Protein chains: 2
Amino acid sequence: MGYSVTSLGNILEKHDGPVSVPEHAYTVLKNALLEGRLSPGDTLIQEEIAASLGSSRVPIREALKRLEGEGLVVQRPRRGYVVASLNADEAEDVFDVRMLLEERAGFLATQKRTQADVDSVRKAMDEMVAIQSKGHYDSWAWGIANRAFHDRLFAPCNRPHLLRMLSQQRDLVTLYVRIGGSIAPDPETAAEDHLRIFDAYVRQDAAEVGRLSREHVHHTMTRLLAKLRDRA
Amino acid sequence: MGYSVTSLGNILEKHDGPVSVPEHAYTVLKNALLEGRLSPGDTLIQEEIAASLGSSRVPIREALKRLEGEGLVVQRPRRGYVVASLNADEAEDVFDVRMLLEERAGFLATQKRTQADVDSVRKAMDEMVAIQSKGHYDSWAWGIANRAFHDRLFAPCNRPHLLRMLSQQRDLVTLYVRIGGSIAPDPETAAEDHLRIFDAYVRQDAAEVGRLSREHVHHTMTRLLAKLRDRA
DNA sequence: CAACTGAAGAATGTATTCAATCGTTAGGTC
DNA sequence: GACCTAACGATTGAATACATTCTTCAGTTG
């Protein structure tokens with residue numbers, strides 16, 4: 001790309017570069033949401049965010065609009081943005097869509113997977129086992145590894161749109177799973193599920209991978225909904 | 001838009017009234033996209049849009065961000081927004097997700113439908129027949145009625161999130177269906193599909209409504225993809 | 001004549017400023 | 001003392017102004 005360069009320095013900078021301010025704000029906010037530093041119901045004051053990022057409010061508003069599109073925050077006219085909150089019914093609604101997409105992604109990915117994909121998934125699984133077997137259980141590291149496992153499993157399906165939708169559903173769920181008392185998915189049950197999924201993946205039994213993936217999400221949903229409906 | 005008015009007049013306007021500028025811009029742009037007045041690849045100049053709506057660029061940018069979130073436009077940094085365009089593979093990706101959601105919505109809606117829902121759907125179907133039997137075929141009116149048919153059919157499922165996702169997929173498809181040479185869905189085949197769907201809906205055969213809905217979308221997809229791949 | 005350079009014009013990205021609205025609190029009235 | 005009212009502070013919504021970058025095109029050079 002022939003950039004019109006005024007000084008030589010910024011050619012290198014462009015590489016991993018000065019992402020736009022809205023993009024940066026989006027990332028920061030989304031991490032805060034997914035890591036639980038912002039909880040459903042919290043109000044987001046534009047000026048605060050802008051100040052903390054050293055920018056004006058304009059690009060922040062764009063980041064918030066993007067998050068709103070993903071359903072993570074809600075705008076109340078003239079009253080600002082708040083972190084979205086779901087009741088049990090709404091959570092079920094989201095989970096239901098997620099199950100559909102996860103089943104489909106699992107099915108398609110299994111059909112198209114290569115041996116390299118199998119190896120990659122196996123590595124992710126090994127990592128999770130390693131984390132679990134450590135003396136002190138690190139739920140954050142486990143969450144990362146868990147995500148990597150599913151990402152790699154589904155990647156071969158080669159359907160950007162499907163994966164984007166799926167990722168969106170998962171983010172929504174992640175935000176709310178925390179409500180039910182910070183339940184990380186039960187690692188032992190999950191490990192068992194993963195093993196069965198992986199087994200079918202190796203055998204390239206696409207329908208089975210789909211079914212098990214769906215069931216896997218269903219487990220999480222059941223536990224969460226029980227908790228949510230308990231406290232209602 | 002008389003916005004900065006201190007007089008009393010605008011109190012009344014508020015009732016159904018002066019929605020926020022971004023909202024208005026969003027609606028206007030979306031209609032332009034779905035009605036084909038803007039085609040994939042067209043570039044959207046913020047200043048033009050702002051001028052045509054009598055506002056500044058800031059709220060326009062928010063509307064565009066929202067459209068971007070729905071996949072209808074794409075932002076290229078420092079080069080503005082363009083109407084998104086899909087190749088055949090990407091279109092298939094979108095259709096595939098849509099089929100999943102449509103099947104699910106059909107299934108759930110049929111389980112929960114009441115007699116009032118059946119009547120409402122029947123009315124929509126009658127309207128389509130009336131439009132078709134008219135001397136001159138009005139594809140625009142037909143499209144509206146078609147949408148109403150499906151909306152009413154699915155409404156009873158009572159899953160806002162699912163329906164929102166579904167609506168999004170349909171909008172995406174609507175944008176691209178036009179590429180393949182303005183193919184409206186073939187009304188005769190569609191009418192036949194609708195009759196069969198409605199029949200199963202009346203019998204409350206949920207699985208069948210789901211299956212047929214899926215198939216119905218599949219027909220459209222097949223025709224579109226053939227056209228798209230033809231010209232490639 | 002093709003290709004590169006550089007400057008002018010246009011459009012985007014962001015900051016700043018102004019306007020309108022919401023929430024709260026102090027003050028008054030019944 | 002409770003409730004209503006008015007004004008203030010805080011915050012969002014939108015417009016204007018400024019900075020940066022991209023595109024285009026004329027002029028020049030090899």
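Note that the structure is predicted; figures quoted are calculated from it, not measured. Numbered from 1 within each chain, the chains take letters A, B, ... in sequence-line order.
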Side chain to side chain contact (heavy atoms under 4.5 Å, CB included) partners for A/E48, two or more places apart = A/I45
With sugar-phosphate meaning primed atoms plus P, OP1 and OP2, does B/L44 contact a base, only sugar-phosphate, or nothing at under 4.0 Å between heavy atoms?
-> sugar-phosphate
At under 4.0 Å between heavy atoms, what does A/Q46 touch on the DNA or RNA strands: base, sugar-phosphate, or nothing?
-> sugar-phosphate
Return a table of donor-acceptor pairs under 3.5 angstrom between the side chains of residues 154-163 of chain B and protein atoms on other chains or two or more places apart.
residue: B/H161; atom: NE2; partner: A/Q169; partner atom: OE1; Å: 2.7

The side-chain hydrogen bond (donor to acceptor under 3.5 Å, both in side chains) partners of A/E127 (sequence neighbours excluded) come to none
Polar side-chain contact B/R79-C/dT12 base: donor and acceptor under 3.5 Å | no
Taking only nitrogen or oxygen atoms into account, show me every contact under 3.5 Å that the protein makes with nucleotides 5-9 of chain D, one pair per line with its distance.
none

For A/K65 and D/dT12, what is the distance between atoms NZ and P respectively, to the nearest whole Å?
-> 13 Å
Rounded to whole Å, CZ of B/R76 lies from C1' of D/dT21 at a distance of 14 Å
Rounded to the nearest angstrom, tell me the gap between atom CG in B/L53 and atom P in D/dA14.
-> 12 Å
Do side-chain atoms of B/S55 reach the backbone of B/A51 as a donor and acceptor pair under 3.5 angstrom?
-> no
Among the candidates D/dT12, C/dT14, D/dC22, find the nucleotide nearest to the side-chain atoms of A/I45.
-> D/dT12
Rounded to whole Å, CZ of A/R78 lies from P of D/dA10 at a distance of 18 Å
Polar atom pairs (N or O), protein with nucleotides 15-18 of chain D, under 3.5 Å:
residue: D/dA15; atom: OP2; partner: B/S56; partner atom: N; Å: 2.9
residue: D/dA15; atom: OP2; partner: B/S56; partner atom: OG; Å: 2.9

Give a yes or no on whether a salt bridge exists between A/R229 and A/D89, defined as a side-chain N under 4.0 angstrom from a carboxylate O.
-> yes
Here the distance between atom C1' of C/dA11 and atom OH of B/Y81, to the nearest Å, is 13 Å
When rounded to whole Å, the CZ to C1' distance for the pair B/R61 and C/dA15 reads 13 Å
B/E68/B/K65 ion pair, N-O < 4.0 Å = yes
The nucleotide from D/dT12, C/dT14, D/dC22 with an atom nearest the side chain of A/P22 is C/dT14
How many Å lie between CD1 on B/I60 and P on C/dA11, as a whole number?
-> 15 Å
Test side-chain hydrogen bond (donor to acceptor under 3.5 Å, both in side chains) applied to A/R57 - qualifying residues, sequence neighbours left out = A/Q46
Where the side chain of B/Q75 is concerned, which of C/dG13, D/dC22, D/dT12 is the nearest nucleotide?
-> C/dG13
Check ion pair A/R214-A/E102 (N to O, under 4.0 angstrom) | no
Between C/dT14 (P) and B/E62 (CD): distance, integer Å = 14 Å
B/R152 bridged to B/D119 by N-O distance under 4.0 Å = no
